[in-house]
Amino acid sequence: MAEPPGDRILVTGALGQIGTDLVGALRDRHGSDSVIASDVREVPRHPLLEDGPFRLLSVLDGDGMDSMVREEEVGEIYHLAAILSATGEKKPELCQRVNVGGTITVLETAKEHGLRVFSPSSIAVFGPDAPRTAPQVTPLNPTTTYGMTKVTGEMMALNYWKQYGVDARGIRYPGLISWKSPPGGGTTDYAVEIFHAALNERHYDCFVGPDTRLPMMYIDDAIRGTIELMEAPTESIGPSRGGYNLSGMSFTAGDLANAISERVDGFTCEFKPDERQQYADSWPDDVDDSTAREDWGWKAEYDLGRMVNEMLDRLNDQS
Ligand code: NAD
Ligand code: AKB
């Protein structure tokens, strides 16, 4: 493996839901100048643009990424750029191009320059045949285009490690719930939208039914898990390196609406399932994360009650 050009961190797709929190956490840890946020778009007044370096970069531009890694002395890439499930079903070709093509760009750049890589997977890798609590190892037969791209991403991460020694690691994130930035076109977006609607309109039209149960996680757990995985010694990372199951919490859309009603007077929720219902139905209720616990000591800290309190408190503070 080549010696990396430096030890700075490049984050792709940084202006999205996860990047908004992850870049801040990485800058707190390594210093603002050491973490370069990048995205294919600019978002006016986005806090990341003021807190440290930002560069426009498409993950489909291999030459641009190669130059950036050399010129900015990068040693590690957190690769967050992707098209999520709901947008991906509307634009499957774009989803495949960005998710698979973008991951190839990142892994090839990492191979060339000896970089470490974080490349997230998703609970969308599972299909309807997976057990309701999905184990780490089970046949992966997703029915969404997005899920298929995530299976490919996991396999590529493992292959680049085995064939070229690229230290690529990933997590099968559950639906993530956060307050700093809006979700980016996924099926689990209802679990974030409902908080904004509860506080602003006292009402939410939920696009999945009340009995829809999915694996979910509060953003602070997700960011901590990401950093813990990337800081774990190489010897502790096993063959699940392309996509570790991490369990946070599991609740139905009805449970979430009830938990919010207990805190927000007069809140009502109507359930009006649309096409995203079938994507949600194809995913498991929960995941078994014993492999991540055993390999690198993962443990979630937020349950439904604590997450709801935190979301409402943070959003109230913000307004
Ligand atoms: P997001 O949609 O909020 O953000 C993705 C970002 O990628 C956007 O800012 C977008 O502008 C950028 N992007 C799109 N095409 C690009 C391109 N060609 N080049 C560079 N940037 C491009 O997504 P997110 O929720 O932050 O997800 C980040 C990663 O985590 C993705 O791989 C996603 O599949 C995975 N994930 C997210 C969740 C979740 O609930 N948020 C759950 C499971 C997995
Ligand atoms: C989506 O709903 O597409 C994402 C995910 C679970 O991967 N939040």
Side-chain angles (χ1 to χ4, degrees), residues 10-23 37-43 46 48-49 54-62 64-65 68 77-91 94-106 117-126 134 142 144-154 157 170-178 180-193 207-208 212 214-219 221-223 225-226 242-246 248 276-280 282-284 287:
L10 174 66
V11 182
T12 72
L15 300 187
Q17 187 190 6
I18 299 177
T20 301
D21 279 271
L22 182 62
V23 170
S38 73
D39 207 294
V40 74
R41 61 187 173 127
E42 258 178 310
V43 176
H46 193 290
L48 293 187
L49 305 187
F54 173 81
R55 305 280 181 271
L56 277 175
L57 175 67
S58 168
V59 292
L60 301 179
D61 177 4
M65 187 170 292
M68 193 165 298
I77 301 181
Y78 285 71
H79 170 45
L80 305 180
I83 304 297
L84 273 63
S85 57
T87 308
E89 287 311 284
K90 289 197 182 100
K91 299 176 180 171
L94 178 71
C95 182
Q96 287 172 2
R97 197 145 45 91
V98 173
N99 296 10
V100 179
T103 304
I104 292 173
T105 305
V106 169
V117 174
F118 175 73
S119 183
S121 184
S122 161
I123 48 121
V125 293
F126 300 110
T144 59
T145 301
Y146 171 71
M148 293 172 204
T149 67
K150 289 291 167 187
V151 174
T152 306
E154 287 191 11
I171 286 172
R172 290 173 180 158
Y173 286 132
L176 299 183
I177 302 169
S178 68
K180 284 188 191 157
S181 103
T187 302
T188 59
D189 291 10
Y190 65 89
V192 179
E193 290 174 5
F207 58 76
V208 298
T212 304
L214 284 174
M216 297 279 184
M217 181 175 283
Y218 186 56
I219 191 74
D221 270 343
I223 300 301
T226 303
Y244 275 99
N245 279 4
L246 292 200
R276 289 168 281 190
Q277 181 70 55
Q278 57 181 298
Y279 318 148
S282 74
W283 297 344
V287 297

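Values in this document were obtained by computation on a predicted structure and should not be read as measured data. Positions are given from 1 along the sequence. Just follow the structure's listing: the first ligand is 1, and inside any ligand the first atom is 1.
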Point to revise | Exam field: side chain N99 to backbone A82, donor-acceptor pair closer than 3.5 Å | key: no
Exercise for review: Number the atoms of ligand 1 from 1 as they appear, then name those within less than 4.0 Å of a heavy atom of L80, with their elements.
Suggested key: 5 (C), 28 (C), 29 (C), 31 (C), 32 (O)
Exercise for review: Quick one: look up the protein heavy atom nearest atom 1 (C) of ligand 2 and list residue, atom name and how far away it is.
Suggested key: S85 OG, 3.3 Å
Review point. Got a second to check how far W283's CH2 is from I123's CD1, nearest 0.5 Å?
Key: 5.0 Å
Check your understanding: Non-hydrogen atoms of L15 versus ligand 1: any pair closer than 4.0 Å?
Key -> yes
Revision key, fill the gap. The option among G185, S122, G147 carrying the non-hydrogen atom nearest to atom 6 (C) of ligand 2 is S122
Practice item. Please work out whether any backbone atom (N, CA, C, O) or any side-chain heavy atom from C-beta onward of P174 is under 4.0 Å from ligand 1, and answer side chain, backbone, both or neither. Key: backbone
Point to revise | Heavy atom of A14, distance to ligand 1 below 4.0 Å | key: no
Exercise for review: Could you list which atoms of ligand 2 come closer than 4.0 Å to a heavy atom of L84?
Suggested key: 3 (O), 4 (C)
Revision key, fill the gap. If we number the atoms of ligand 1 from 1 as shown, the ones under 4.0 Å from a heavy atom of P120 are 29 (C), 30 (O), 32 (O)
Review point. Quick one: nearest non-hydrogen protein atom to atom 21 (N) of ligand 1, plus distance?
Key: A81 CB, 3.3 Å
Point to revise | Exam field: side chain E89 to backbone T144, donor-acceptor pair closer than 3.5 Å | key: no
Check your understanding: Do Y173 and T226 meet the criterion of a side-chain donor-acceptor pair at a distance under 3.5 Å?
Key -> yes
Check your understanding: Judged by non-hydrogen atoms, does S121 sit under 4.0 Å from ligand 1?
Key -> yes
Practice item. For Y279 and ligand 2, answer yes if some heavy atom of the residue is under 4.0 Å from a ligand atom, otherwise no. Key: no
Review point. Within less than 4.0 angstrom of ligand 1, does G186 place any heavy atom?
Key: no
Review point. Does R41 approach ligand 1 within less than 4.0 angstrom via side chain, backbone, both or neither, non-hydrogen atoms only?
Key: side chain
Practice item. List every atom of ligand 2 that sits less than 4.0 Å from any heavy atom of T187, numbering the atoms from 1 in the order shown and giving each element. Key: 1 (C), 2 (O), 3 (O)
Review point. Does A124 approach ligand 2 within less than 4.0 angstrom via side chain, backbone, both or neither, non-hydrogen atoms only?
Key: neither
Revision key, fill the gap. Here the atoms of ligand 1 under 4.0 Å from any heavy atom belonging to G175 are 40 (O)
Point to revise | Identity and distance of the protein heavy atom lying nearest atom 8 (N) of ligand 2 | key: T188 OG1, 2.8 Å
Check your understanding: At a 4.0 Å threshold, what atoms of ligand 1 neighbour a non-hydrogen atom of L84?
Key -> 2 (O), 23 (O), 25 (O), 33 (C)
Exercise for review: Measure N99 to ligand 1 on non-hydrogen atoms and call it side chain, backbone, both or neither using the 4.0 Å cut-off.
Suggested key: neither
**Study point:** Side chain proximity check, R276 to Y190, heavy atoms < 4.5 angstrom
**Key:** no
**Study point:** Candidate pair T105 and H79, rule side-chain hydrogen bond (donor to acceptor under 3.5 Å, both in side chains), full reasoning
**Key:** CA-CA 10 Å; T105 305; H79 170 45; over 6 Å; no
Exercise for review: Could you say whether the N/O atoms of Q17 and ligand 1 ever approach to under 3.5 Å?
Suggested key: yes
Revision key, fill the gap. Going by the 4.0 angstrom heavy-atom rule, the piece of K150 near ligand 1 is side chain
